[in-house]
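These notes are about the structure you will find just below.
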Amino acid sequence: MLQNVMKITVIGVGKIKENFFVQAVEEYRKRLSRYCQLELMEVADERTKEQASDGEIRLVKEREGERILKCIREDCYVVALTIDGTALDSVELAEKIERLGVEGRSHLCFVIGGSLGLSDAVCRRADFHLSFSRMTFPHQLMRVILLEQIYRSYRIINGEPYHK
């Protein structure tokens, strides 16, 4: 059981536009309020033309990455959501969050990239790369999935029932 209230920041590129995603995020924000201090941050996404060159794609990711890095405090343990990251099941994610808390990490920061992914600079800043799947998800849906898994983690950590 975590003794100090951990701060969890979720940084996402782009705004959540669909009302049903907004409602889901708010529901998990409310549920998580009894377990942690949750902060949700959005950084502006860059417009990308349909047939962007590799250089243009790199530039978009770098610009979004600069915005992300400005939001990350020095003391954060950064978890970047990447397709090629480490896949954990729900119990393993709960164990990781709990272990980080026991080790004295009081601020976790989860980073969700834009449609093109995360910049190299953000990936280098990350302490851990987490993969939810090899599939690509819309950033709005990924925020809901991430918040649900953080909530599930706290239920597991506290020995409370959760759906398997």
Side-chain angles (χ1 to χ4, degrees), residues 1-16 21-22 24-46 58 60-133 137 139-160 162:
M1 175 103 118
L2 297 177
Q3 305 211 328
N4 296 327
V5 176
M6 185 174 284
K7 180 172 185 177
I8 295 190
T9 300
V10 175
I11 302 171
V13 174
K15 290 203 174 300
I16 295 183
F21 285 131
V22 171
V25 166
E26 286 309 311
E27 178 62 27
Y28 283 109
R29 181 195 299 265
K30 186 173 73 178
R31 291 182 186 191
L32 280 164
S33 67
R34 58 185 288 237
Y35 300 108
C36 65
Q37 180 186 346
L38 179 66
E39 178 181 30
L40 303 174
M41 303 178 82
E42 294 178 339
V43 299
D45 54 349
E46 286 286 316
R58 190 181 69 253
V60 165
K61 287 168 51 171
E62 285 174 3
R63 287 179 179 156
E64 291 173 349
E66 288 168 8
R67 293 182 191 123
I68 290 168
L69 291 170
K70 286 180 185 175
C71 296
I72 298 174
R73 291 194 6 210
E74 186 98 9
D75 65 336
C76 284
Y77 182 91
V78 179
V79 178
L81 275 61
T82 60
I83 287 176
D84 60 350
T86 302
L88 302 177
D89 65 26
S90 296
V91 172
E92 291 169 329
L93 180 60
E95 289 169 348
K96 182 157 191 69
I97 290 171
E98 184 174 33
R99 187 171 48 254
L100 288 167
V102 168
E103 291 171 358
R105 297 291 191 156
S106 60
H107 192 175
L108 301 186
C109 184
F110 291 86
V111 181
I112 302 169
S115 61
L116 300 175
L118 294 168
S119 70
D120 290 343
V122 172
C123 289
R124 281 192 305 273
R125 172 60 180 91
D127 298 291
F128 186 75
H129 292 233
L130 176 64
S131 174
F132 276 80
S133 171
F137 295 101
H139 67 87
Q140 298 180 82
L141 178 59
M142 197 61 238
R143 286 184 219 180
V144 175
I145 294 170
L146 173 62
L147 291 173
E148 190 281 333
Q149 284 298 303
I150 294 169
Y151 172 69
R152 185 178 296 262
S153 291
Y154 276 106
R155 301 280 297 179
I156 294 167
I157 290 166
N158 286 287
E160 298 168 358
Y162 68 97

Exercise. Kindly compute the distance separating CG (L93) from CZ (R152), expressed to the nearest 0.5 Å.
Key: 11.0 Å
Quiz item: Measuring from K61:NZ to D120:CG, what's the distance to the nearest 0.5 Å?
Solution: 6.5 Å
Quiz prompt | Closest non-hydrogen atom pair between I97 and M6, with its separation | solution = O-CE, 3.8 Å
Exercise. Enter the distance from E62:CD to L116:CG here, rounded to the nearest 0.5 Å.
Key: 12.0 Å
Self-check item: Where V43 and C71 come nearest, the two heavy atoms and their spacing
Solution: CG1-SG, 3.7 Å
Quiz item: Can you name the nearest heavy-atom pair linking I83 to S131, along with the distance?
Solution: O-OG, 3.0 Å
Quiz item: After noting the C-alpha distance and the side-chain angles of E26 and K30, does the key distance pass the salt bridge (charged side-chain N to carboxylate O under 4.0 Å, His left out) rule?
Solution: CA-CA 6 Å; E26 286 309 311; K30 186 173 73 178; over 6 Å; no
Quiz item: Between R143 (side chain) and V25 (backbone), is there a donor-acceptor pair under 3.5 Å?
Solution: no
Exercise. Go through the steps for E92 and K96 under the test salt bridge (charged side-chain N to carboxylate O under 4.0 Å, His left out), then give the verdict.
Key: CA-CA 6 Å; E92 291 169 329; K96 182 157 191 69; over 6 Å; no
Self-check item: Min side-chain heavy-atom separation V79-L108 under 4.5 Å
Solution: no
Self-check item: Salt-bridge present (R31, E27; N to O < 4.0 Å)
Solution: yes
Quiz item: Are I150 and L38 close enough that some pair of their side-chain heavy atoms sits under 4.5 Å apart?
Solution: no
Quiz prompt | Close side-chain approach of I72 to V111, heavy-atom, < 4.5 Å | solution = yes
Self-check item: Side-chain touch D45/S115, heavy atoms, less than 4.5 angstrom
Solution: no
Quiz prompt | Side chain proximity check, L100 to F128, heavy atoms < 4.5 angstrom | solution = no
Self-check item: Distance-minimising heavy-atom pair for G65 and S119
Solution: CA-OG, 3.6 Å
Practice problem: State whether E160 and R34 are salt-bridged, where the test is any N-O pair (Lys NZ or Arg NE/NH1/NH2 against Asp/Glu carboxylate O) under 4.0 Å. | Solution: yes
Quiz item: Is a side-chain donor or acceptor of E64 paired with a backbone partner of E46 at a separation under 3.5 angstrom?
Solution: yes
Practice problem: Would you check if Y77 and E103 make a side-chain contact, meaning some heavy-atom pair closer than 4.5 Å? | Solution: no
Quiz prompt | Taking every non-hydrogen atom, the tightest pair across H139 and I112 | solution = CB-CG2, 4.3 Å
Quiz item: Do H129 side-chain atoms and C123 backbone N/O form a donor-acceptor pair below 3.5 Å?
Solution: yes
Practice problem: Determine, for Y162 and R155, whether the Lys NZ or Arg CZ falls below 6.0 Å from the six-membered ring centre while staying within 45 degrees of the axis. | Solution: no
Practice problem: Tell me, with the steps shown, if I145 and M142 meet side chain to side chain contact (heavy atoms under 4.5 Å, CB included). | Solution: CA-CA 5 Å; I145 294 170; M142 197 61 238; 3.8 Å; yes
Exercise. Mind running side chain to side chain contact (heavy atoms under 4.5 Å, CB included) on E42 and I16 for me, showing each step along the way?
Key: CA-CA 9 Å; E42 294 178 339; I16 295 183; 3.8 Å; yes
Practice problem: May I ask you to decide if K7's main-chain N or O and E39's side chain share a donor-acceptor pair within less than 3.5 Å? | Solution: no
Quiz item: What residue among L146, T9, V78 forms side-chain contact (heavy atoms from CB on, under 4.5 Å) with F110?
Solution: L146
Quiz prompt | Rounded distance [0.5 Å steps], CZ in R125 versus CG in L118 | solution = 13.0 Å
Quiz item: Are I8 and Y154 side-chain neighbours, meaning at least one heavy-atom pair lies under 4.5 Å?
Solution: yes
Exercise. Would you name the heavy atoms of C76 and D127 that are closest together and state the gap between them?
Key: O-OD2, 3.7 Å
